[in-house]
Undergrad: 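Encoded as structure tokens, here's the structure I'll be asking about.
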Amino acid sequence: MDAAPAIRVSPAVLMSSTLLDPLNPEQLAAVTLPQASALILAGAGSGKTRVLTTRIAWLMATGQATPRSVLAVTFTNKAAREMLLRLSALTPLDTRGMWVGTFHGLCNRMLRAHHREAKLPPLFQILDTQDQLSLIKRLYKAHGIDDTRYPMRQLQWFIAAAKEEGRRPSMVEASDDFTRAEVEHYALYEAMCQREGVVDFAELLLRSYELLTDSESLREHYRQRFSHILVDEFQDTNTLQYRWLRLLTGPDTTVFAVGDDDQSIYAFRGAKVANMQRFERDFATVARPVKLIRLERNYRSHGHILDAANALIRHNQARLGKELWTSEAKGEPVRAFVAATDADEADFVIDAVRGHAADGVPLDEIALLYRSNAQSRVFEHALFSAGIPYRVHGGMRFFERVEVKHALAYLRLVAAVDDDGAFLRVVNFPSRGIGARTQEQVQQLAQQRGTSLWQATTSGALTGKAGAALATFRQLVERLRGDTQALPLPAAVEHVIHASGLVAHYAAEKDGQDRVDNLAELVTAAEAFVREAEFAPDAASMVTPDSLAAAPAEAPVAALPAFLAHAALEAGDTQAAPDKAALQLMTVHAAKGLEFHTVFITGLEEGLFPHENSVSAADGLEEERRLMYVAITRARRRLYLTLAQQRMLHGQLRYGVPSRFVDELPPELVQWLAPPRAFATASGPAAPPPLRAGRAATQGPSWRIGQSVRHAKFGVGVIIDADGQGHDARVQVNFRDAGVKWLALDYAKLEAA
DNA sequence: AAATGTGGAATTTTT
DNA sequence: TTCCACATTT
């Protein structure tokens with residue numbers, strides 16, 4: 001216990017030590033805070049990872065903590081790896097024994113160690129979102145649930161939302177029939193997961209939370225052990241994660257939470273910024289109030305970029321308050337461009353990228369950001385034609401690919417034959433004559449007898465051709481199991497992808513080479529996993545935290561389940577690292593945490609960014625504005641804002657209004673490369689054709705699609721569609737603030753704007 | 001069991 | 001438009 005730690009190194013020595021030297025006064029204050037919980041408001045580019053890691057190193061250097069007593073939690077595996085990496089450079093101490101990981105990873109670890117108390121089988125499997133959906137699909141089939149009345153995705157969302165609020169089915173309040181039905185489905189889902197010994201992502205957290213709630217001894221054990229808890233990206237914690245942290249916090253625990261309320265962009269996934277406000281209250285003790293430190297000095301961007309970011313975010317009401325500053329030069333102005341069409345927007349960006357690349361900015365230091373994935377298409381098309389290498393982030397990740405999923409399913413069966421999800425995935429892949437009919441018979445049999453699908457096939461109740469085919473499959477799995485028993489993990493994976501017939505299957509397919517490559521890559525991933533496990537058994541190991549001696553690499557039986565958990569918890573990167581520098585394309589969400597020399601924020605039109613679905617949602621607009629804030633603060637030196645007057649959206653031509661976020665920037669910071677709001681000009685190259693003669697021409701001015709108009713109540717907007725003739729003539733207007741409305745020209749007093 | 005057709009939906013997504 | 005899931009063919 002570290003209740004009254006002895007400080008072994010004098011502050012004077014520390015001040016001059018290399019550990020604290022690179023810190024500014026606020027960072028230093030944060031790193032060297034005395035025993036008390038603290039909330040560090042760390043702005044974008046303010047060195048929060050440095051503070052977090054140096055804090056841990058300092059705690060250990062001063063004897064206030066040992067590796068064993070530190071728990072550091074992040075949201076992404078990447079962040080956890082980064083922290084561990086930087087930590088090993090800062091401290092001579094062995095970082096093993098330290099718990100550093102994602103919420104999910106740490107909960108998984110805790111549940112593996114105490115699976116009995118958590119009422120889970122020792123080899124419980126983790127379902128990713130895909131697996132979860134296919135389980136729900138089976139659930140619907142088994143119980144005859146109508147998926148048109150109760151869309152599966154909606155149930156998936158419902159379950160995750162309930163669990164993230166810490167609610168089991170019995171705890172969900174249902175005031176209407178629909179919700180009552182969903183709760184019922186939730187209960188059935190839970191029973192099914194429990195029967196099959198699988199847990200979804202949210203379940204990892206909830207189980208771990210309940211474990212700590214129910215077992216006083218375990219709670220006390222972990223409270224005593226972890227005297228220092230550090231949390232990264234605190235603004236992204238959800239209700240359950242917050243409560244989990246509170247449970248782990250005993251009277252002698254100090255929590256060091258680092259976050260930025262202005263960068264909270266995951267409320268739609270259950271993240272609660274309010275946790276930051278609550279923190280001050282909930283984590284204070286009588287003796288030690290929560291310390292609050294702001295890190296506002298930015299080391300990333302030039303002045304104009306920060307000025308733009310500050311000005312934008314000031315439009316938000318719900319803030320803890322913070323203003324970034326830098327000692328760097330003001331730099332270039334923010335450049336803005338209005339393109340006629342989405343294709344023109346792409347051309348503009350490509351021209352600029354070419355120019356900057358020629359000036360020596362590396363391509364991978366240039367990012368093209370957009371609000372939604374669909375927007376990448378136009379850019380990809382243009383970049384392809386222009387021959388500029390690019391990389392799109394997002395989309396299918398390594399462990400999510402079908403071929404990898406299939407291989408993992410075989411491995412899951414090798415680890416535990418009763419895994420129904422894995423069974424169904426590969427029982428007939430590659431096809432071996434076990435069709436839908438046979439599979440249904442097996443499922444029926446399993447349901448009747450209350451067994452797993454695998455058990456059902458061993459009953460011998462299925463005879464004839466179907467029975468024989470099933471027997472072949474069983475033998476295959478049993479053989480895989482026997483063959484791999486004594487093999488090290490990578491060799492076992494190698495064996496399974498071949499002996500299962502997967503490699504042969506894809507090799508015979510005409511476009512299967514990529515898939516064969518990915519299967520080979522899975523072997524590489526297993527090798528990397530084993531290496532990592534040897535290097536830092538703590539990070540990957542699934543054995544009990546206090547008996548780490550058994551290195552998974554040397555024990556294949558233990559390595560496989562660990563690898564499977566790893567595959568579920570770490571979905572892997574989108575693509576292998578490109579061998580040459582490439583322009584970076586991604587959503588703004590995906591850009592969080594990254595930085596680039598030059599950033600293009602594209603599609604800055606009302607309805608796109610801010611997204612139309614967000615404008616009506618409670619606090620939706622503020623979240624969109626934070627998203628824009630995140631986008632702006634990605635840029636170090638150069639920032640472009642672009643938009644298109646018209647673009648194809650859902651196969652239809654849409655006319656956009658410039659995003660309010662552009663207007664919210666101080667005009668003096670923005671240099672327009674084309675006239676701002678050129679939307680009203682009748683002669684521009686993008687001016688759409690006038691409406692058909694006689695349509696609305698008799699009613700005062702002649703209206704055109706694409707024309708800017710003003711309405712007494714709704715404000716300014718752009719005509720995006722028209723309909724009817726004479727006194728029935730109506731126009732559809734996309735108002736900047738009021739959204740899309742149909743207006744009868746006879747009644748609505750529109751004027752050109 | 002693959003190939004082709006059809007209807008509906010179409011933010012963001014660290015785990 | 002384009003992607004997807006599902007249903008119908010071949």
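Only a predicted model underlies this, so the values are computations on that prediction, with no experimental measurement involved.
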Undergrad: Could you tell me if the side chain of A/R432 sits less than 4.5 Å from the side chain of A/L476, heavy atoms only?
TA: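 Contact flag for A/L476/A/R432 side chains = yes.
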
Undergrad: Taking any atom under 4.0 angstrom from a heavy atom of chain A, which nucleotides of DNA chain C are the first and last to qualify, 5' to 3'?
TA: C/dT1 to C/dC6

Undergrad: Not counting sequence neighbours, which residues clear salt bridge (charged side-chain N to carboxylate O under 4.0 Å, His left out) with A/R167? List them please.
TA: none

Undergrad: What are the two closest heavy atoms between A/F398 and A/L522, and how far apart are they?
TA: CZ-N, 3.7 Å

Undergrad: Are the ring centres of A/H114 and A/Y222 closer than 6.0 Å?
TA: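 Yes.
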
Undergrad: Apply the side-chain contact (heavy atoms from CB on, under 4.5 Å) test between A/T237 and each candidate in A/N275, A/V273, A/V73; give the one that qualifies.
TA: A/N275

Undergrad: Filter on side chain to side chain donor-acceptor pair (under 3.5 Å), then keep only pairs touching residues 615-627 of chain A, sequence neighbours left out; what's left?
TA: A/N316-A/R625, A/R371-A/E624, A/S614-A/E624, A/E623-A/R626, A/R625-A/E664

Undergrad: Within this structure, what is the CG-to-C1' distance between A/L621 and B/dT12, rounded to whole angstrom?
TA: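 Atom CG in A/L621 sits about 15 Å away from atom C1' in B/dT12.
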
Undergrad: Answer yes when A/K78 and A/E82 have at least one side-chain N-carboxylate O distance shorter than 4.0 Å, and no when they do not.
TA: no

Undergrad: Expressed in whole Å, how much space separates the C1' atoms belonging to B/dT14 and C/dC3?
TA: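 Per the computed distance, 25 Å lies between those C1' atoms.
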
Undergrad: Map every base of DNA chain B to its dot-bracket character, where paired means a Watson-Crick or G-U wobble contact with both distances under 3.5 Å and | marks a partner outside the strand.
TA: ||||||||||.....

Undergrad: Just the rounded figure in Å: distance from C1' of B/dA10 to CZ of A/R654.
TA: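 In whole Å, B/dA10 C1' and A/R654 CZ are 12 Å from each other.
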
Undergrad: Decide whether A/N77 and A/R81 meet the rule of one side-chain donor and one side-chain acceptor closer than 3.5 Å.
TA: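 Distance-only check fails for A/N77 and A/R81.
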
Undergrad: Are A/Q375 and A/S372 linked by a side-chain donor-acceptor pair shorter than 3.5 Å?
TA: yes

Undergrad: Return the polar atom pairs (N/O with N/O) between nucleotides 13-15 of chain B and the protein under 3.5 Å, or none.
TA:
from, atom 1, to, atom 2, distance (Å)
B/dT13, OP1, A/T587, OG1, 2.7
B/dT13, OP2, A/N373, OD1, 3.1
B/dT13, O2, A/R269, NE, 2.7
B/dT14, OP1, A/R397, NH1, 3.3
B/dT15, OP1, A/N77, N, 3.2
B/dT15, OP1, A/N77, ND2, 3.1
B/dT15, OP2, A/R397, NH2, 2.6
B/dT15, O3', A/L569, O, 3.0
B/dT15, O2, A/H104, NE2, 3.3
B/dT15, N3, A/R269, NH2, 2.8
B/dT15, O4, A/R269, NH2, 3.3

Undergrad: Starting at CZ of A/R153 and ending at C1' of B/dG8, how long is that distance when rounded to a whole Å?
TA: 14 Å

Undergrad: Please tell me which of A/G651 and A/R432 maps to the more 5' nucleotide of DNA chain B, matching each residue to the nucleotide holding its nearest heavy atom.
TA: A/R432

Undergrad: Mind checking salt bridge (charged side-chain N to carboxylate O under 4.0 Å, His left out) for A/E164 and listing every partner two or more places apart, or none if nothing turns up?
TA: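 Residues passing salt bridge (charged side-chain N to carboxylate O under 4.0 Å, His left out) with A/E164: none at all.
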
Undergrad: How would you label the contact of A/Q132 with the nucleic acid (heavy atoms, under 4.0 Å): base, sugar-phosphate, or nothing?
TA: nothing

Undergrad: Is the backbone N or O of A/V378 less than 3.5 Å from a side-chain atom of A/H381, with the two atoms forming a donor-acceptor pair by type?
TA: no

Undergrad: Which whole number of Å gives the distance between the P atom of C/dC4 and that of B/dT13?
TA: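 Roughly 15 Å separates the two P atoms.
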
Undergrad: Distance check, C1' atoms only: C/dA5 and B/dT12, in whole angstrom units.
TA: 23 Å

Undergrad: Whole angstroms only, please: what is the CG-C1' distance between A/L649 and B/dA10?
TA: 9 Å

